[in-house]
**Q** 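The structure's right below; bear with me while I get my questions together.
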Amino acid sequence: MRPAAKVCALVIASSVFTSALSSTASYAVGDKDNQSPPPPGPSGNASGNTLTAEASATSIQVTHVSGGGSGGKSRKALVPVDPNWRPPACWYEPVATPAQLKAGVDRLKQGGDLVRVTPTLSWGEDLMVSHYEKGEGQSGGEDGYKDYNLGEDGMFWRGVINKNRENDPASYDCERNLFWQDANTVPDDPNAPTPDVLAAYAYDKIQVPDTEVELKPEGRSTVNLPTWVWLDRGTFKDVKVRAELPNTNLWAETTAKPVALRLKPGTGDAETHPVSGQCRINDDGSIGTPYTKGDAGDTPPCGITYRRASDGEPYRLTASITWEISWEGTGGTGDDLPDGTFATTQDMAVQEVQSINR
C-alpha cells in the first residue's frame, strides 16, 4: 500500500510539504495537421471529483483499436524482453479548469473534502484560499494565483501515479503542487505527458491471446519421431492500443506485431525445428504447417524431436510468442519499444516406441 496522503491544513505546515516548482516554461503541442481533437473539456459546474481523487486516478482514455487474432482462450499482458524497461511511474495531467477549482474550494469551505494538490499531499481551506484565491506565494518560492485564474485560457495540472508502480520511489517524482498551464501547451518538465509517455502507458494495456499450439501427435510424442507444431491462420494478428489525454491534443497508438514462436522442449534431450527454436509467423497469422497423413518421417518447419522418453513425468513444453512493439503519436512522433513476449506451458509425454500409427 502507498502511504496515506498527507493532510496539511495550517499555513505554517506548508513550509514542510510544499514541493519546489521547476521552470514554468512550456512548448506547443503538435500542429493542426497532426492533432487529435480532444474530448469536450470539463465545465465549471462539474463534480470536481478529480480534485479529490486518489493518486492513481488518471483521465487518460484507452481504446483497443485492433484485436490480436483468434488464438487462445484468454487475453494476457505482455512481458517486455528487456527486464530494465518499465512504463512511466508518474506523469502530470490537467485536472481542473479555473471554475472547477473555485467550485472545489467553495465545497471545501462548506465542509467538503480536502483538495489533493500533489499525489501525496492534500490541502485544507486556509492554504487553498491563500494560494489560489488571494494569490499568496509559498515558502518554496512558488507564486500564488489570483481568483483561481478565472478568465484565463488553460487548466490546473497535478501529478498522477501509475497504479502498477505506486510503491516505486520514482513515483514521488511528480510532487509539484497543483499548478497552472496555458491551453495547448504541456509543462516543460521531465514528467510531462509527451507522446512517448502515452505510448508506454498504452503498451502496459496491451492484451494478447495465450499461446496454446496444435501438436501432432497430440499430448504424446515418440522418441526420434518429430512432433509437428502449428497454429491456424488468423491465430495471431497485430494488436493496437490508443491512449489519449483529454484537453491536451496528445495521443499515441502502440502496436504489437507477432513475429515469431519460440519453442523450449523442457529437456536438453531434444532438437527443435528449426534449430534456433524460432518459428516464423506467416503473413496470414499462421505458424508452421499443419500435419497431414504421410508426414510422419518428414522434418516439420516448426516442431520438436525428442531423443529420450519422459519416463512417466511429462516434459514441460514452453511456447512463447515474440511481439515487436512500435508506436506513433502527436505531431508525427514515433519509435520502437522493447519487444514483448507471452509464454504458456503444456505437458509433453514422450514414449519409447519406434513406430506409431498416425
Side-chain angles (χ1 to χ4, degrees), residues 62 64-87 164 196 199-216 226-243 252-268 270-291 299-306 315-329 334-348:
V62 174
H64 294 269
V65 180
S66 60
S70 58
K73 299 176 181 178
S74 61
R75 303 276 165 165
K76 305 292 183 180
L78 285 174
V79 177
V81 297
D82 180 355
N84 296 317
W85 184 90
R86 289 178 295 178
N164 295 330
D196 60 316
Y201 185 85
Y203 187 148
D204 215 24
K205 303 299 179 182
I206 290 175
Q207 298 281 306
V208 298
D210 61 18
T211 315
E212 188 172 348
V213 295
E214 298 287 339
L215 303 173
K216 188 67 176 182
T227 297
W228 289 60
V229 176
W230 76 92
L231 285 167
D232 292 332
R233 68 179 59 190
T235 299
F236 291 100
K237 294 181 178 179
D238 293 2
V239 179
K240 182 177 292 188
V241 175
R242 181 182 180 94
E253 285 187 356
T254 300
T255 301
K257 179 180 180 179
V259 292
L261 168 70
R262 181 174 180 81
L263 299 175
K264 293 184 178 180
T267 174
E271 297 176 7
T272 56
H273 311 291
V275 175
S276 64
Q278 297 268 17
C279 301
R280 186 178 67 87
I281 296 180
N282 303 317
D283 292 339
D284 62 2
S286 65
I287 299 174
T289 301
Y291 174 85
T299 300
C302 182
I304 300 170
T305 300
Y306 287 95
Y315 298 126
R316 297 289 286 165
L317 168 63
T318 301
S320 59
I321 297 290
T322 298
W323 300 75
E324 286 183 349
I325 313 297
S326 61
W327 67 272
E328 60 181 2
D335 205 347
D336 295 330
L337 289 170
D339 291 350
T341 64
F342 178 74
T344 57
T345 58
Q346 54 198 95
D347 289 342
M348 281 297 300

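These numbers were taken from a predicted model, which means no experiment stands behind them.
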**Q** For the side chain of N282 and the backbone of D284, is there at least one donor-acceptor N/O pair under 3.5 Å apart?
**A** no
**Q** Are any of the side-chain heavy atoms of F236 and P209 separated by less than 4.5 Å?
**A** yes
**Q** With sequence neighbours excluded, what pairs up with T305 under the side chain to side chain donor-acceptor pair (under 3.5 Å) test?
**A** H273
**Q** When you look at E214 and Y291, which way does the side chain to side chain contact (heavy atoms under 4.5 Å, CB included) test go after all the steps?
**A** CA-CA 10 Å; E214 298 287 339; Y291 174 85; over 6 Å; no
**Q** What heavy-atom pair brings L261 and C302 nearest, and what distance separates the two atoms?
**A** CD2-SG, 4.1 Å
**Q** For the NZ atom of K76 and the CD atom of Q207, what is their distance to the nearest 0.5 Å?
**A** 8.5 Å
**Q** Rounded to the nearest 0.5 Å, what's the gap from CH2 on W323 to CG on D238? Could you check?
**A** 7.5 Å
**Q** What pair of heavy atoms forms the shortest contact from A243 to Y201, and how long is it?
**A** CB-CD2, 4.4 Å
**Q** Measure the CH2-OG1 distance between W228 and T299 for me, rounded to the nearest 0.5 Å.
**A** 8.0 Å
**Q** Over all heavy atoms of both residues, which pair between A252 and W327 is shortest? Give the atoms and the distance, please.
**A** CB-CE3, 4.3 Å
**Q** Considering all heavy atoms of both residues, which atom of A202 and which atom of T254 are nearest to each other, and what is their separation?
**A** CB-OG1, 3.5 Å
**Q** Knowing that exactly one of N164, D204, L337 qualifies, which makes a side-chain contact (heavy atoms from CB on, under 4.5 Å) with P87?
**A** D204
**Q** Give a yes or no on this: more than 12 heavy atoms of other residues, nucleotides or ligands lie within 6.0 Å of atom CG of D82.
**A** yes
**Q** Let me see the working for I287 and V229 under side chain to side chain contact (heavy atoms under 4.5 Å, CB included), right down to the final yes or no.
**A** CA-CA 8 Å; I287 299 174; V229 176; 5.9 Å; no
**Q** CG of L317 to CG of L215: how many Å apart, nearest 0.5 Å?
**A** 6.5 Å
**Q** Could you measure the distance from the CD atom of Q346 to the CZ atom of R316? Nearest 0.5 Å is fine.
**A** 8.5 Å
**Q** Nearest 0.5 Å please: distance from the NZ atom of K240 over to the NZ atom of K257.
**A** 12.0 Å
**Q** Which heavy atom of T272 sits nearest to which heavy atom of L263, and what is that distance?
**A** CG2-O, 4.0 Å
**Q** Going through the distances and angles, do M348 and I304 end up as a side chain to side chain contact (heavy atoms under 4.5 Å, CB included)?
**A** CA-CA 11 Å; M348 281 297 300; I304 300 170; over 6 Å; no
**Q** Sequence neighbours excluded, which residues qualify as salt bridge (charged side-chain N to carboxylate O under 4.0 Å, His left out) partners of R280?
**A** none
**Q** Could you check if a side-chain atom of I325 sits within less than 4.5 angstrom of a side-chain atom of L78, using non-hydrogen atoms only?
**A** yes
**Q** Do I281 and L231 touch side chain to side chain, with heavy atoms closer than 4.5 Å?
**A** no
**Q** Run D339 and V259 through side chain to side chain contact (heavy atoms under 4.5 Å, CB included) and show every step you take.
**A** CA-CA 10 Å; D339 291 350; V259 292; 5.7 Å; no
**Q** Where do C279 and G303 come nearest, in terms of heavy atoms and distance?
**A** SG-N, 4.5 Å
**Q** Are any side-chain N or O atoms of Y306 and backbone N or O atoms of T227, one a donor and one an acceptor, separated by less than 3.5 Å?
**A** no
